Amino acid sequence: MLKSNNKILTELDLSDNIIVSVGTKQLSEALKVNQTLTFLNLKNNRLGSEGAKHLSEALKENQTLASLDLTYNKIGSNVMQQLSEALKVNQTLTALNLSNNSLGSDGAKHISEALKENHTLISLDLTYNEINGEGARHLSEALKENQTLVSLDLKNNAIGAKGMPYLSEAMKENQTLTFLNLNYNSLGSEGAKHISEALKENHTLINLDLSNNKINGEGAKHLSEALKESQTLVSLDLSRNNFDEEGIKYLSEALKVNQSLEILILASSQIGTEVAKYVSESLKENQTLTKLDLSFNELGSEAAKYLGESLKVNQSLTQLDLKYNEMGPKGIKFLSLPLIDNKALSKLVLSYNKIGTEELQSISEALKFNQTLTLLDLSFNQIFSDDMQCLSESLKLNQTLLFLDLKYNQIGAEGMQYLSEALKTNRTLLELNLIDNQIGDEGAKHLSEALTCNQTLTHLHLSLNPIGTLGIKYLGESLKDNQTLTSLVLSLNRVRKKQNNKGIIKGAEQIYEELLQVLKNNKSLIKLFLSDKRRAYKENPLENDNFITRNKKFQKKLTNSAKEGNLERFKELIQIEKIPLIYQTSSALSEKPYLKLKGKDENTILHTAILNNQIELFFIYYLQTMNKKTIKLFQKEIIYLI
């Protein structure tokens, strides 16, 4: 396929398979002549040094590939010289990911030699490669000469304070790098001192990550001096460091005069009540900061009081993350009152704060009058059925909230009834997350009544609720009238309760028949998730893009319906695990068609066959790679597809 230069194949994802060097050799031969592929993902394929050699030769001749991901491939430092030579002559590659490949300082040396001559690479990821201080020295020499690299990720490389003088000197001269990640490198305060000196002279760096680096109060002092002078730095991550009270005080003083910083992350920074006071005072004077992350700091009620006072004055902060701070009823009240008059804040995260009845009442009262908040995260709290009455009343009046996250609470069927009444009249809410809220079939019934008249909701997450076949039936009925919902997530519910001896779920078949009829007439829904596989489920289930059922009869009917054009919007590729089904449903791939071969735990490989050039339908079939014999078969299949 690659050798034939299929025009619609521009992106190829072969991640998490077992291609090894044999398959890589065949793939590399195809890349030498291919003129259409721009994106190639070979993550976690056990390519080894031999496979990397084959790819290096291909990169010397290929003239279209722009992005290459080689993460987790045990490449090692020995073969980096060949890859380096390829990068010196390659003129198309702009993004290269070499993370988790045990490159060491020698590998860093080879890649640095390439950077001195390469004129196309924009993004380079070298995370988890143990390049240490010596590797940092080699990279620093390259950064002084390179004029194209914009993004450099050096996370977890044991650079330490010894490597920072070299990087600091390079950053004083470099004029292209805008993103630098030094997370988890044990820089300490000495390393912070060196990077601070660079920031005073550097005029291009926009995003800097110094999180998890054992930087104490002395290091914070150096950074604060740099922030007072820096005119370009926009985003700074200082989370998970060892700042003491004096350190935060220094940083807060810098925020009062800094005119460029827009994003500051201080998560897990041991910020207590007194320390929060310094931060709050700086917010009263700062005029540029738009996002502040103070999560995982156990602020308490007094700290919330200080923050609330700053929100009365601050006119620039639009995003505030306060998850996992246990501010209590008083703290939440202190924080909620300013929201009534605040004209800037649009996103507020309050998850993991043990919010209950009193706290929710304070928040709900503020929502009635607030005119700017668009996202409110109340997930992982202690909200019960009765608590939902006050929140629902506020949603009837609120005219700005677009996203509401209530996942992992216990609102139940009664709470769902209150919320459904609000949804009948609310005209702004677009996305509602109700994952794991024990709403059951009765709650689904209340919700379905709201969906028949709601005219704004587009995304609804109902995973991990004990919704059975009856609840699904109610929701299916609502889809006949609803004209706005585009995504409905029902994964990990109780649609299937009994099985017969053939493994077919008794009682579910009729529900799927009814769903099929609904989908033929519904004009808005493009994503439906019915997966019951816990291993496949993620906290954000929309990443799965699954429409899964074990009911083979339903699969066949759905396939035939699609062939007849009755479900023409279900056009594109779906990622599944072990169960061969058929559709995914967003419009993204119609603009960027690609072939995806994806394995799961080395057991399942999905093969995709494109049926026509209009990309109207993709079929998926799969191959089990349970042992070494089938691994060989898979390698042959790769060769065949090429």
Side-chain angles (χ1 to χ4, degrees), residues 346 360 363-364 367-368 370-371 373-379 383 385 387-407 409 411-465 467 470-491 493 511 514-515 517-530 541-542 569 585-586:
S346 61
L360 194 59
I363 295 170
S364 300
L367 283 178
K368 292 179 181 179
N370 180 275
Q371 298 179 12
L373 209 62
T374 60
L375 182 149
L376 178 60
D377 188 345
L378 296 174
S379 61
I383 301 173
S385 297
D387 303 329
M388 289 302 298
Q389 186 172 6
C390 61
L391 180 61
S392 299
E393 290 301 317
S394 67
L395 289 176
K396 293 177 183 178
L397 300 174
N398 183 275
Q399 298 180 9
T400 59
L401 202 65
L402 303 176
F403 307 97
L404 177 60
D405 194 341
L406 291 169
K407 66 174 177 282
N409 282 288
I411 69 174
E414 186 180 348
M416 195 66 249
Q417 184 175 9
Y418 290 128
L419 187 56
S420 297
E421 288 301 316
L423 290 176
K424 291 178 182 179
T425 57
N426 181 279
R427 294 291 180 266
T428 59
L429 204 63
L430 298 177
E431 183 168 344
L432 177 61
N433 193 335
L434 295 171
I435 293 174
D436 197 1
N437 265 286
Q438 305 297 309
I439 70 171
D441 288 345
E442 189 64 25
K445 182 179 180 180
H446 295 309
L447 183 57
S448 63
E449 293 172 356
L451 290 177
T452 57
C453 53
N454 181 278
Q455 299 178 11
T456 56
L457 202 65
T458 59
H459 292 73
L460 180 58
H461 307 252
L462 295 173
S463 300
L464 284 169
N465 282 290
I467 300 175
L470 186 60
I472 299 296
K473 184 177 180 179
Y474 291 137
L475 291 170
E477 287 296 317
S478 68
L479 293 178
K480 293 179 181 179
D481 299 314
N482 184 279
Q483 298 297 319
T484 58
L485 204 64
T486 61
S487 176
L488 176 59
V489 184
L490 291 166
S491 306
N493 278 293
I511 295 298
E514 294 174 2
L515 273 177
Q517 295 303 318
V518 170
L519 291 173
K520 288 181 178 180
N521 298 312
N522 179 280
K523 304 299 181 183
S524 62
L525 195 68
I526 58 174
K527 289 185 179 181
L528 174 62
F529 301 78
L530 294 172
L542 287 181
R569 69 181 178 283
T585 62
S586 68

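Values in this document were obtained by computation on a predicted structure and should not be read as measured data.
Take Asp436 and apply the salt bridge (Lys or Arg N to Asp or Glu O under 4.0 Å) test, not counting sequence neighbours, and it matches no residue. With sequence neighbours left out, Asp387 forms a side chain to side chain donor-acceptor pair (under 3.5 Å) with Thr357. With sequence neighbours left out, the side chain to side chain donor-acceptor pair (under 3.5 Å) criterion links Glu393 to Lys396. Lys424 pairs by the side-chain contact (heavy atoms from CB on, under 4.5 Å) definition with Glu421, Glu449, Ala450, Cys453, not counting sequence neighbours. Under the side-chain contact (heavy atoms from CB on, under 4.5 Å) criterion, Leu430 pairs with Leu402, Thr458, sequence neighbours left out.
Of all the heavy atoms in Tyr474 and Ser448, the pair that sits closest is O-CB, 3.3 Å. Annotation for Ser394 and Ser364: closest pair CB-O, 3.1 Å, computed over non-hydrogen atoms.
In this structure, the side chain of Asn433 does not engage the main chain of Lys407 through any donor-acceptor pair within 3.5 Å. Asn409 contributes a side-chain N or O that, together with a main-chain N or O of Leu378, makes up a donor-acceptor pair within less than 3.5 Å. No donor-acceptor pair closer than 3.5 Å links the side chain of Ser491 to the backbone N or O of Ser463. Checked by atom type and distance alone, the side chain of Asp377 pairs as donor or acceptor with a backbone atom of Ser379 at under 3.5 Å.
Side-chain contact between Asn482 and Ser478 is absent, with no heavy-atom pair separated by less than 4.5 Å. Within the 4.5 Å cutoff, the side chain of Ile467 has heavy atoms near those of the Asp441 side chain. The closest side-chain heavy-atom distance from Thr456 to Thr484 is not below 4.5 Å.
More than 12 heavy atoms of other residues, nucleotides or ligands shown are found within 6.0 angstrom of CD on Gln483.
Going from atom CD1 of Ile472 over to atom CG of Leu488 covers 7.5 Å, rounded to the nearest 0.5 Å. How far OG1 of Thr452 is from CD of Glu477: 11.0 Å, rounded to the nearest 0.5 Å. Taking CD1 of Ile383 as the start and CG of Asn437 as the end, the distance is 8.5 Å to the nearest 0.5 Å. For the atom pair Asn426 CG and Leu401 CG, the distance stands at 8.0 Å (nearest 0.5 Å). Once rounded to the nearest 0.5 Å, the distance linking CG of Leu528 with OG1 of Thr486 reads 11.5 Å. Rounding to the nearest 0.5 angstrom, the gap separating the OG1 atom in Thr425 from the CG atom in Leu397 is 8.0 Å.
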query: Passes side-chain contact (heavy atoms from CB on, under 4.5 Å), Thr428 versus Thr400? Steps please.
result: CA-CA 6 Å; Thr428 59; Thr400 59; over 6 Å; no
- prompt: For Leu367 and Leu391, what are the C-alpha separation, side-chain angles and deciding distance, and is it a side-chain contact (heavy atoms from CB on, under 4.5 Å)?
  reply: CA-CA 8 Å; Leu367 283 178; Leu391 180 61; 3.9 Å; yes
Intermediate values then yes/no, side-chain contact (heavy atoms from CB on, under 4.5 Å), Leu479 and Leu451: CA-CA 8 Å; Leu479 293 178; Leu451 290 177; 5.5 Å; no
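Of the options Leu464, Leu462, Asp405, Leu404, a side-chain contact (heavy atoms from CB on, under 4.5 Å) to Leu434 is made by Leu462 and by none of the others.
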Which pairs of donor and acceptor atoms, one on a side chain in residues 412-420, lie under 3.5 Å apart (sequence neighbours left out)?
residue, atom, partner, partner atom, Å
Ser420, OG, Met416, O, 2.7
Ser420, OG, His446, O, 3.3
Ser420, OG, Leu447, N, 3.3

